[in-house]
Each structure stands twice: as structure tokens, then as C-alpha cells.
Amino acid sequence: MKKVLQLFLGIVSLILILSMPKVLAASTNSSQVDWNVEKEKAIKTGYTEQKIEAFKLIPDLPDEEDVSKFYDELPSETQNKTVKSVSLQERVVQEAKKQLGKPYGYANPPQEFTCDRLVKWAYKQGANIDLPGITTNQEKCGTEVSLSKLQIGDLLFWGSRGASYHVAIYIGNNQYIDAPVPGKNVRIQSIPNWAPQFARRILSTLPKKTPNTNGQKSGEQFIFRLYNLNAGQHHYTGGGYEATSVQNTGWTYEGVAWSSPTKGKNVYRLFNPKAKGNEESHHYTLNTYECNNLIKNGWKNDGTVWYALRALNK
């Protein structure tokens with residue numbers, strides 16, 4: 001029994017010894033960087049020596065788990081009928097998150113990233129916005145925003161204005177994503193652990209139009225049109241409550257598409273629960289036979305959504 005125990009302890013010790021270099025390498029990765037080599041690479045890319053020296057001010061913090069939450073489940077009454085739209089700010093964050101784990105470096109993205117190149121890449125891929133490189137150029141873009149009123153997609157800067165040395169993208173819940181320093185990878189970190197000095201907003205949040213019946217005349221009904229940037233689809237409804245609910249799930253309200261009479265030929269709307277991706281999920285028809293036939297094939301009847309004066313057989 002004693003020999004068995006000794007053998008077991010020997011195996012455990014061997015495993016610990018073999019794994020120790022990997023642990024040390026992971027924890028000291030950034031401290032093993034040859035800063036002279038990194039300086040040469042950075043200068044060739046356009047960085048100044050002062051900025052390179054400032055890199056050493058960036059603390060060596062462990063990666064954090066992503067706790068940002070802006071993809072909440074849709075309300076139960078709408079989640080089977082609409083596809084959640086994703087804002088440009090969310091698209092920027094999505095593109096940045098796709099690079100998590102990529103190494104810090106000066107090779108062409110998306111193989112490697114410096115902090116400013118991660119920002120530049122995410123905004124180009126997510127919002128088709130061409131931002132300049134180098135943090136001191138990026139801090140001139142957009143408008144300044146208070147650190148107490150951040151929104152996802154905002155740029156966070158470290159250093160004084162005009163002499164910033166690091167930039168990150170705010171992802172919500174007091175977290176940001178960045179490419180920290182040579183020897184480290186793209187990561188998620190929290191503001192309380194290392195707070196920025198100022199922030200800029202590239203994508204401004206404009207007051208949004210909301211569905212309303214202002215100007216609607218007696219005997220007519222406004223038909224509201226909404227657009228889903230994520231799915232590339234339009235949604236039409238004569239119901240103000242439905243239009244507002246769909247808008248609240250992320251669809252863009254584009255305005256009144258047309259006005260219909262309050263009496264006349266029924267226009268049926270049917271929903272395809274099997275639609276995937278960018279497939280059209282709704283169908284509109286005045287034809288009762290077509291409506292019933294689609295229902296037999298698994299489509300769901302949303303009922304009469306507005307009226308038409310008459311059907312045209314053209």
C-alpha cells in the first residue's frame with residue numbers, strides 16, 4: 001500500500017513539474033517581450049518612441065469573462081414573429097469580439113492587432129467607417145462623451161488629450177475590449193481595474209422616429225414600415241402598438257409607407273415559422289384561397305392587417 005501511495009505521489013509531482021513551465025510562460029508572457037525589437041517594429045508602423053514607452057504603463061491584467069448583455073431574449077409575444085435587429089454599435093462590438101485571443105502585433109489584421117488597429121478593423125467591418133490609425137488621430141474623431149454616460153461602441157482613451165497612448169472599445173457593463181501590449185492577446189477587461197481618461201463617440205445616437213397617427217385622416221389607416229438591418233427585411237403593419245413593439249426589439253422605423261381604407265378587401269398576413277436567416281418570413285395576400293393553402297403548408301395566419309379598396313388581377 002505504501003509503495004502504491006509513493007507511486008501515486010510521484011506521478012502527481014511529475015505532472016506538476018511538466019505543467020509548471022506552461023503556467024509560468026502564460027503568466028510572464030508580456031514580461032518576456034524584447035522591447036528593443038518591439039520598438040523597431042512599432043516605429044516602422046508609424047508609432048513614436050514616446051508612445052512605445054507609454055505602452056509600459058499598461059498594467060498586466062488577466063483576461064476577464066464577457067458579461068456584456070445586449071442580446072437579451074425577445075419578449076415571448078414577438079420572438080416568434082420578428083428577428084432581432086442589430087445596431088451598428090453592436091456590429092462594431094461583434095467584429096471586435098471575433099478577434100478575442102488574437103495576438104498583439106504589427107502584421108496585417110486580422111492576423112495580429114495593435115490597439116488602434118483593432119478599433120479601425122472593428123469599425124470598418126461592423127459599420128463601414130474608415131477611422132485613421134494611431135490613437136492620437138482616432139481621438140479627433142466623433143464627439144467627446146462623459147465616462148459616466150458610455151454606450152456600447154464608444155472609444156476609451158488612456159493618456160492626455162492629444163497624447164493618448166492606448167484605445168479600447170466599450171462593450172457595456174463597465175467592460176471594454178482591447179489589444180493591450182506586445183506579448184498579450186486581444187482581451188476583455190473592466191474599467192474599474194484600469195480606468196480610461198476620456199472617451200469619444202463615433203456613432204451618435206440620434207432621437208429616433210416613433211410610429212404615430214399624426215396627420216391620419218378620417219376613413220384611412222396608416223401602414224407603418226420597419227426595417228431590420230440584420231436580416232435585410234421590411235415589416236409592415238397597420239397597428240401602432242405592433243409597430244412600436246417591433247421597433248423596441250431593434251428594428252428601424254422608416255415611417256408611413258402608405259395609407260389604406262378602414263373598410264374594404266381584407267389583406268391577410270401570414271408568418272412562416274420555418275424561415276431561417278434572411279429568408280422572407282411574412283407573406284401578404286388578398287386571396288383567401290392562397291391564404292388557406294399557405295396555412296395548410298405550415299404558415300401561421302396573423303389575420304387581417306389592413307384593408308384594400310379592391311384586388312387587381314394584373
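The structure presented is a predicted model; accordingly, all values stated were derived computationally and were not measured.
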message: Does V256 form a side-chain contact (heavy atoms from CB on, under 4.5 Å) with I223? I'd like the steps, not just the answer.
response: CA-CA 6 Å; V256 176; I223 306 302; 5.7 Å; no
- prompt: After noting the C-alpha distance and the side-chain angles of K296 and N292, does the key distance pass the side chain to side chain donor-acceptor pair (under 3.5 Å) rule?
  reply: CA-CA 6 Å; K296 290 178 182 178; N292 292 334; over 6 Å; no
Sub-3.5 Å donor-acceptor pair from the side chain of [X] to the main-chain atoms of [Y], do we have one?
{"X": "E40", "Y": "V37", "value": "no"}
{"X": "N212", "Y": "T210", "value": "yes"}
{"X": "N173", "Y": "Q175", "value": "no"}
{"X": "N297", "Y": "N293", "value": "yes"}
{"X": "E139", "Y": "G162", "value": "yes"}

[X] to [Y] - nearest heavy-atom pair and separation:
{"X": "V167", "Y": "W158", "value": "C-CZ3, 4.2 Å"}
{"X": "A243", "Y": "L226", "value": "O-CD2, 3.4 Å"}
{"X": "Q233", "Y": "S281", "value": "OE1-OG, 3.5 Å"}
{"X": "H282", "Y": "W299", "value": "C-CZ3, 4.1 Å"}
{"X": "E290", "Y": "T285", "value": "OE1-OG1, 2.6 Å"}
{"X": "K97", "Y": "D66", "value": "NZ-OD2, 2.6 Å"}

message: Consider side-chain hydrogen bond (donor to acceptor under 3.5 Å, both in side chains). Of D116, T135, T136, N137, which one does S164 pass it with?
response: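 Filter result, single survivor: T135.
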Taking C-beta and beyond as the side chain, do [X] and [Y] meet within less than 4.5 Å on heavy atoms?
{"X": "K120", "Y": "Q138", "answer": "yes"}
{"X": "L118", "Y": "Q99", "answer": "yes"}
{"X": "R200", "Y": "K140", "answer": "no"}
{"X": "L131", "Y": "C141", "answer": "yes"}
{"X": "I191", "Y": "Y176", "answer": "yes"}
{"X": "D63", "Y": "I188", "answer": "no"}
{"X": "T114", "Y": "T45", "answer": "no"}
{"X": "L57", "Y": "W194", "answer": "no"}

Whether [Y] and [X] form a salt bridge (side-chain N of Lys/Arg under 4.0 Å from carboxylate O of Asp/Glu) is what I want to check.
{"X": "R187", "Y": "D178", "value": "yes"}
{"X": "E112", "Y": "R117", "value": "no"}
{"X": "D60", "Y": "K184", "value": "yes"}

Should the ring pair [X] and [Y] be called parallel, tilted or perpendicular, given that the plane angle runs from 0 to 90° and is split at 30 and 60?
{"X": "Y104", "Y": "F55", "value": "perpendicular"}
{"X": "W306", "Y": "Y284", "value": "parallel"}
{"X": "F198", "Y": "F157", "value": "parallel"}

- request: Enter the distance from L61:CG to S190:OG here, rounded to the nearest 0.5 Å.
  value: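 Result: 9.5 Å between the selected atoms.
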- prompt: CG/L294 to CG/N272 distance, rounded to the nearest 0.5 angstrom?
  reply: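 It is 9.0 Å, given to the nearest 0.5 Å.
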Answer with yes or no whether the hydrophobic clustering places [X] together with [Y]; edges join I, L, V, M, F, W, Y residues whose side-chain heavy atoms lie under 4.5 Å apart.
{"X": "F271", "Y": "Y268", "result": "no"}
{"X": "Y307", "Y": "V305", "result": "no"}
{"X": "I295", "Y": "V267", "result": "no"}

task: Could you check D302 against L270 for side-chain contact (heavy atoms from CB on, under 4.5 Å), going step by step and ending with a plain yes or no?
output: CA-CA 5 Å; D302 282 347; L270 297 105; over 6 Å; no
message: Using salt bridge (charged side-chain N to carboxylate O under 4.0 Å, His left out), reason through R269 and E242 one step at a time and then give a plain yes or no.
response: CA-CA 13 Å; R269 185 178 68 197; E242 180 183 4; 2.7 Å; yes
task: Show your working on side-chain contact (heavy atoms from CB on, under 4.5 Å) between Q151 and R201 and close with a plain yes or no.
output: CA-CA 8 Å; Q151 296 180 5; R201 180 162 298 156; 3.3 Å; yes
- request: Test Q89 against D154 for side chain to side chain donor-acceptor pair (under 3.5 Å), laying out the working first.
  value: CA-CA 8 Å; Q89 290 91 335; D154 287 348; over 6 Å; no
- prompt: Does the ring centre of W251 sit less than 6.0 Å away from the ring centre of F224?
  reply: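 No, the ring centres sit 6.0 Å or more apart.
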- prompt: Step by step, would you call K265 with L309 a side-chain contact (heavy atoms from CB on, under 4.5 Å)?
  reply: CA-CA 6 Å; K265 192 78 172 174; L309 289 176; over 6 Å; no
task: Assess whether salt bridge (charged side-chain N to carboxylate O under 4.0 Å, His left out) is satisfied between K124 and E95, documenting all intermediate values.
output: CA-CA 9 Å; K124 178 60 178 178; E95 291 300 327; over 6 Å; no
Matching residue for Y236 among F222, Y227, W258, Y253 - test: ring-ring contact (aromatic ring centres under 6.0 Å, His included):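 One option only clears the test, and that one is W258.
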- request: Could you please spell out the steps behind the side chain to side chain donor-acceptor pair (under 3.5 Å) verdict for T262 and Q221?
  value: CA-CA 6 Å; T262 53; Q221 178 186 29; over 6 Å; no
